[in-house]
Amino acid sequence: MSGPLLLAVDGITVDFDGFKALDTFSMTLDKGETRVVIGPNGAGKSTLCDAIIGRVRPAAGRVLFRGEDLTGLSEQAIVERGICRKFQAPGILAGITARENVALAARRDRSWWQAFGKGIPAEEQASVDAVLERVGLADRAEVKAGELAHGEKQWLEIGMVLATGAELVLLDEPTAGMGPAETSRTAELIRDLGDTRSVIVIDHDMSFVEQLAAPVTVMHQGRFLKQGSVEAVRADPEVISVYLGHSA
Amino acid sequence: MDAALLLNQLFNGISVASIYLLAALGLALSFGLMRVINMAHGEMLMLGGYLAYLTLIWVPGAPGILLAIPVAFVGAAAMGALIQLSLIRRLMNRPLDTLLATWGVSLILQQAARDIFGAIGVEVRAPDWLNDSLQFGAVVIPSARLFIILVTILVLGALALLIRRTRIGLTVRAVNQDRMMAGATGIDAGRVDLVVFALGTGIAGLAGVVLALLGPVTPSVGQSYIVPAFLVVIMGGLGSVLGTTVAALLLGLFSALAQTVVDVSAAQMLLLLFVIIFIQVRPQGVISIRSRALDE
Amino acid sequence: GGEESETAAISEDAVKVGILQSLTGTMAISEITVKNATELAIEQINDNGGVLGREIVAVVEDGASEPATFAQKAQKLIEDEEVATVFGGWTSASRKAMLPVFERTQNLLWYPVQFEGNECSPNIMYSGAQPNQQILPALGWAEEEGYESYFLVGSDYVFPRTANLILKKHLEDRGLELAGEAYVPLGGTDFSGVISRIRSADPDIIFNTLNGDSNVAFFKQMQAAGMPPSELPVMSFSIGEQEAQAMGTELVEGSYATWNYFQSMPDEANQSFVGAYQEAYGEDAAITDPMVHGYLNVYAWKAAVEKAGSFDPAEVREAARDLGGIPTPMGEVNFAPNGSLVQTAYVGKLGSDGQFEIVSDSGTPIDPQPYDPLAFPDQSCEV
Amino acid sequence: MLLALGAAAPFYLSGYNLSLLGRFMAFGILAMGIVLIWGHGGILSLGQGVFFGIGAYAMAMHMKLAAAGDGQLPDFMMWSGREALPWWWEPFASPVFAILAVFLLPALLAALFSWLVFYRRVSGVYFALITQALALAFATLLISRQDVTGGFNGLTNFPSLFGLSLADQTVRDGLYWTTLALAALGYAGLRWLLATRFGNLLRAARDAENRIRFLGYNPVPFKVVAFAIAGMLAGVGGALFTMHAGNISPALVGVVPSIEMVIWAAVGGRYSLAGALVAAVALNILRDSVSSAFPELWLYLIGLVFILTVTLLPNGVAGLARRVSRR
Amino acid sequence: MSADLLELRGLSSGYEGSRVLWDIDLAVAGQDILALIGRNGVGKTTLLKTIVGVQAASGGQILLGGQDMTALPSHRRARAGIGYVPQGRHIFPHLSVAENLDAGLSACGTRTRGRRVPDYIFDLFPKLHEVRDRKGGFLSGGEQQQLAIGRALAGAPRLLLLDEPTEGIQPNVVDQIEQALRHAARELSLTIVVVEQYLEFVWRFANRFAAMRDGRIVKEGKTSESKASDVAAFVSI
Ligand SMILES: Nc1ncnc2c1ncn2[C@@H]1O[C@H](COP(=O)(O)OP(=O)(O)OP(=O)(O)O)[C@@H](O)[C@H]1O
Ligand SMILES: Nc1ncnc2c1ncn2[C@@H]1O[C@H](COP(=O)(O)OP(=O)(O)OP(=O)(O)O)[C@@H](O)[C@H]1O
Ligand SMILES: NC(N)=O
Ligand SMILES: [Mg+2]
Ligand SMILES: [Mg+2]
């Protein structure tokens with residue numbers, strides 16, 4: 001269903017003063033694949049993102065991206081290799097407009113000596129417009145990002161992640177604070193991405209997960225618990241007992 | 001280098017560290033809480049020193065020096081409270097501006113001291129038992145320095161108790177970590193700021209008293225201790241009392257030992273170099289607090 | 001330059017002079033007293049008919065304890081106020097900064113403080129002691145007293161460092177021992193390391209070129225460490241009556257100082273000067289060596305102007321050398337051809353009243369020697 | 001308009017006042033650098049005196065060597081007991097090297113220092129305090145190495161500049177024109193820089209450093225480059241100051257002057273290049289006249305100026321002017 | 001039904017330069033549970049913040065039990081009986097769970113002395129007992145949400161403001177939170193205003209609702225009288 005192996009998380013353990021937020025966790029992701037990661041609060045989903053993106057150093061294990069070991073690289077070096085992550089809390093530059101936010105993310109050459117110029121190249125300009133269109137912020141483009149509503153900020157940040165052109169996109173609870181309609185739009189957005197990029201989505205909203213129609217990995221207490229389609233996972237008694245309960 | 005020199009300097013280092021610590025504690029506390037640095041903090045040392053001087057004119061001898069301690073504490077705390085209410089409160093969330101504005105306060109206080117007490121230093125006559133020294137073989141321990149170490153240990157103990165064990169301490173830590181939420185849970189953050197700031201400047205006032213036992217009290221006495229105190233805060237890590245203590249010890253000992261081989265001025269240079277190298281290794285300071293917040 | 005100031009600064013009945021001392025900053029406490037003494041002399045001269053029939057008008061500027069400000073204000077006094085001459089300076093740093101201004105404008109500075117020598121500008125009259133008029137006589141006295149091992153403590157600036165450089169050459173030359181040498185930044189108060197080093201060096205005497213407040217900390221910490229001046233003698237070069245009293249005499253009592261003037265000097269000229277000063281500035285005002293030099297500089301300038309019959313700095317400075325005796329509180333003195341004052345050195349011991357008791361003197365006035373022949377054999381003064 | 005005012009100055013100011021204006025304008029060049037790093041980069045440096053000092057000393061060393069003449073030691077080395085010129089003094093005999101050093105040395109040192117600190121993600125108040133310690137250490141170093149730095153006295157007594165006599169009024173006028181030209185150049189250059197993407201990213205790094213990291217930018221070089229440029233401007237200011245004033249000493253580069261430099265930018269307006277330039281000149285003129293008339297008052301006054309501008313006019317006089325003109 | 005506990009009269013509020021709330025009039029009776037619904041960005045969070053006082057009102061009045069709160073700082077309002085569970089939870093990250101709860105006692109004001117965190121909080125959220133010595137900042141999102149509610153309850157509020165309590169919470173914990181809140185509301189005679197996007201959840205739980213659009217309240221009513229699907233229009237596009 002998808003291309004060659006892109007990401008391999010290989011037995012990583014993240015230890016916080018004796019508490020193992022991730023415990024020899026492994027997973028792989030193919031090029032062009034979308035994967036949903038669910039699991040109880042505290043299962044280690046956000047920590048997984050942190051480990052991939054270089055925010056926390058695993059005590060054991062490796063993260064391989066296109067076969068290259070990422071362990072020990074700086075955040076921006078990892079971003080340069082084509083991984084970008086959206087945080088659980090929206091991370092945007094509040095002081096500049098939505099468009100400028102996206103434009104910054106869209107810059108291909110991010111070295112300081114390339115910055116002594118004004119504006120951005122036409123082809124990047126076009127991609128900025130395309131991204132804004134795609135996340136539905138075209139008419140809010142000139143608003144200061146800090147003044148956007150919570151949900152709009154989330155979209156803007158998704159837009160920024162897209163604009164970086166990253167091959168692997170990590171979305172940690174992209175629908176947090178969104179209503180059903182926005183959620184559907186977000187799902188649509190992510191499905192569109194599927195052709196060109198690999199995506200890892202973390203969320204608790206099962207209806208959203210359903211709309212994504214992608215394979216699901218379930219985590220529990222820092223470990224791998226299950227993997228399968230949404231339906232399979234929903235029906236799994238173990239998943240029901242540790243996570244879903246009966247209301248969902 | 002001979003062993004006696006080394007031992008003497010080790011002891012001196014601890015006493016210098018004590019002064020650094022008393023000078024830095026208040027800075028560290030209010031930095032942790034309000035993210036502001038009070039550049040007039042050195043002048044709280046000065047104030048403490050002059051208050052000790054005045055107290056000892058009024059009550060000479062041993063009772064005087066013991067009385068000077070609460071007098072200086074209260075006096076400097078009151079001055080701190082005044083600065084907090086009139087200036088720092090207005091500059092909430094503008095730490096760099098606070099730094100500059102309090103520098104203005106520092107200039108004014110120094111000049112005022114010059115106009116009141118004269119530009120030349122005044123001398124605090126300590127009782128004879130503080131001018132003595134204990135001798136252990138080749139190691140000579142001046143009792144004034146011993147007294148300083150003792151005062152520091154007491155202050156530190158009291159402070160640790162206050163922060164760890166009392167409700168005031170809890171509210172201080174809560175405001176420290178999330179000011180908005182502390183207000184919403186019923187904590188009067190403004191009062192916590194005031195109390196902590198006054199407490200910190202009061203401790204600086206104490207530092208002024210012990211300094212007066214070693215040297216003259218001059219309008220600029222604070223300036224000579226304030227930069228090392230800043231370095232202590234930097235090395236200590238975000239407003240942590242333990243970190244501040246460890247950093248003060250490191251810097252005090254480093255400076256004292258450096259002085260056995262080089263001049264005081266070279267020792268100052270080395271001190272900065274030491275701090276810059278230190279932050280290469282531990283940029284978060286001695287005590288680092290891990291947090292999940294994206295921006296610290 | 002000089003030509004113009006001849007016309008602008010000097011009117012029918014007045015002549016403008018500059019006084020440039022630190023009125024603010026760390027040096028103010030000392031320098032203000034020199035300014036006062038200078039003003040006292042001007043007032044006295046004006047009361048007695050002025051100079052060449054003209055009243056002296058003093059323009060006072062603040063050097064703010066910063067060398068660059070001294071240079072800037074000197075330029076202002078000369079180029080803007082067009083003064084005939086300037087009285088001022090204390091630290092060598094301020095003098096060094098002003099020197100090029102005086103040389104460029106061909107004006108004349110009267111400098112009142114003991115210093116490290118190694119300088120003789122035709123545009124400066126140095127009335128403070130040269131090293132051979134203060135430091136070396138002190139060493140001579142100490143050697144006679146039988147002290148063999150010397151520890152040198154000083155503030156970190158040019159006077160102590162150069163003075164000690166000269167002292168070290170002479171110690172070596174005389175077969176005396178250098179026990180150690182330590183410098184503390186100006187205003188520094190942490191002597192723990194220095195004292196530990198003194199203790200382990202165990203000298204016979206300390207030669208102290210510390211300046212200002214550092215002295216309080218030094219004597220205090222020495223006392224706390226069990227080494228008061230009564231146990232370990234200290235010879236100071238920057239502690240005068242005023243400093244001793246401000247520090248509290250208990251602390252420094254029994255220590256020594258060498259100067260060319262002490263307030264306790266019994267001569268009548270001195271008594272009347274002390275009386276006049278205290279009448280103007282308070283009964284308890286202490287009188288120090290630099291003040292007297294600041295005071296006598298004005299009289300020397302007056303004498304030179306009268307001898308030259310002109311206010312032109314070039315002529316005045318020629319006339320100032322060899323005036324044939326200017327009466328001053330420290331007796332009759334004279335400027336040598338190299339522009340420095342010929343004067344006697346006195347060693348004093350500080351009593352509990354804050355006054356020095358003179359314990360020794362050089363006997364005859366000493367010719368000033370800007371370059372010490374031992375330390376700087378190849379240098380000489382060319383004026 | 002400012003340029004015209006500056007250009008007219010030689011025609012109505014006396015030699016002394018022109019030289020004062022020249023040195024204050026040199027301060028103004030430095031103050032514009034503070035606007036770059038503090039206003040736009042959020043980097044408060046309390047150590048600009050260091051870079052000012054490096055530029056000033058580089059130029060002073062050259063003039064000192066020129067004054068000493070061939071093969072001779074500068075006077076202070078002689079009386080400090082030194083027998084030979086230190087190797088690192090030697091290249092300063094060349095005027096070309098000295099001029100290059102004025103521009104490059106402060107920039108390089110600023111880059112190195114700030115890289116060490118920023119690389120470890122130390123910023124804000126911490127950075128300000130470390131720069132203050134740097135200023136203290138630099139001044140202390142200068143004082144304690146008297147034999148090679150002139151110590152507390154600093155360097156003074158250099159009568160000529162590149163073979164021209166500084167006593168000559170046309171040379172002094174020329175110096176003023178040079179200062180004016182460099183100030184104008186600095187202003188134009190910074191304006192351009194702030195309008196580029198570099199300026200945007202610098203401001204983004206100021207507002208949300210970690211955010212831009214996760215967009216793949218490394219904020220460190222942006223801050224380092226800005227700091228180096230500010231260092232260079234400070235160095236140029238220092239060199240010009242030394243030429244105008246005829247001396248440089250540790251008293252001009254330590255903690256207190258370094259902080260005063262920030263107040264120039266604060267009073268002018270931390271985001272305004274022109275404001276900082278004008279404020280540096282105006283405050284120093286004020287200081288010169290107030291300290292002559294009421295020496296005691298100056299410290300109270302500057303203290304009050306600090307407090308009032310920072311609390312009441314966070315955008316300085318430039319901000320006030322803009323607000324007033326908008327009405 | 002008792003008299004109105006919370007009353008908003010012509011309340012407006014906003015951020016620098018932009019007005020977010022426009023003349024809000026709202027009354028919440030004692031022991032009511034009011035669901036505040038509306039799309040992203042309509043001003044729900046801003047309304048709650050303005051009621052607790054961490055955001056200043058630019059006009060109008062806030063009355064709690066008839067007492068005017070408008071000019072009071074937030075800690076005074078907390079002490080008057082307003083408990084707040086913010087969006088994003090705002091746990092004190094370096095305080096332990098137990099200390100976070102202790103801090104919640106501050107809302108008891110001068111009555112704090114000698115008080116302990118009531119046991120029923122641990123009965124409501126057993127998980128908190130398990131992690132009571134862990135630092136708040138190290139908890140996962142769901143754990144933090146429980147802690148935030150527990151902390152607000154520790155202050156014995158009369159009025160509890162909840163901002164999206166199910167956001168980012170795993171489904172079975174959502175159930176738990178619902179149970180806990182129902183229980184607390186009943187036992188402690190709480191009045192609750194809850195902002196929520198998850199309509200099914202609030203409809204099970206609230207007895208009244210108010211829908212917001214563009215900073216105004218556009219519809220109010222009883223949850224029993226309108227179906228969740230009827231008001232869904234206010235939440236979706
Ligand atoms: N810096 C840290 N120090 C100590 N413990 C931590 C730290 N960060 C996370 N943890 C712990 O690690 C566990 C995993 O947290 P993580 O945020 O990865 O969970 P999650 O699956 O994203 O949960 P949620 O769905 O609630 O967001 C939690 O129990 C948390 O308390
Ligand atoms: N700090 C702020 N500064 C300026 N504007 C803000 C700020 N916070 C929120 N706003 C604006 O106020 C409006 C209302 O925001 P608020 O957070 O109250 O919405 P909400 O209804 O809670 O939305 P959500 O469902 O996304 O949480 C939005 O348009 C938002 O852009
Ligand atoms: N000349 C002096 N004492 O500096
Ligand atoms: Mg998470
Ligand atoms: Mg909200």
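Note that the structure is a prediction, hence the values are computed from the model and not measured. Chain letters run A, B, ... following the sequence lines, proteins first and then strands; every chain starts at 1. All values below come from the heavy atoms of this structure, side chains included, with hydrogens, waters and symmetry mates left out.
- Contacts between B:Val105 and chain D at a heavy-atom distance below 4.5 Å involve backbone atoms as well as side-chain atoms.
- A salt bridge links B:Asp97 with D:Arg270; the closest basic N to acidic carboxylate O contact falls under 4.0 Å.
- The most heavy-atom pairs under 4.5 Å with chain B, out of D:Val256, D:Ile307, D:Leu304, D:Leu46, come from D:Ile307.
- You'll find the ring centres of D:Tyr126 and B:Phe230 outside the 6.0 Å limit.
- Looking at B:Leu91, only its side chain comes within 4.5 Å of chain D, counting heavy atoms on both sides.
- Both the backbone and the side chain of B:Ile234 have a heavy atom closer than 4.5 Å to some heavy atom of chain D.
- Proximity to chain D (any heavy atom under 4.5 Å) is shown, for B:Leu100, by both the backbone and the side chain.
- At a 4.5 Å heavy-atom cutoff, the contact between D:Ile130 and chain B is made by backbone and side-chain atoms alike.
- Each of D:Pro314, D:Ala266, D:Ala128 has some count of heavy-atom pairs under 4.5 Å with chain B, and the biggest count is that of D:Pro314.
- With chain D as partner, the option from B:Ile276, B:Leu270, B:Asp115 having the largest number of non-hydrogen pairs under 4.5 angstrom is B:Asp115.
- Taking CD of B:Gln268 as the start and CG of D:Leu136 as the end, the distance is 5.0 Å to the nearest 0.5 Å.
- Of the atoms belonging to B:Ile108, heavy atoms from both backbone and side chain fall under 4.5 Å from chain D.
- In this structure, B:Arg35 contributes its side chain and D:Val125 its backbone to no donor-acceptor pair below 3.5 Å.
- Taken from CH2 in B:Trp103 to CD1 in D:Ile302, the straight-line distance is 11.0 Å, to the nearest 0.5 Å.
- A distance of 4.0 Å separates CD of D:Gln132 from CE of B:Met39, quoted to the nearest 0.5 Å.
- For the pair D:Gly124 and B:Leu96, the tightest heavy-atom approach, listed with the atom from each and the gap, is C-CD2, 4.0 Å.
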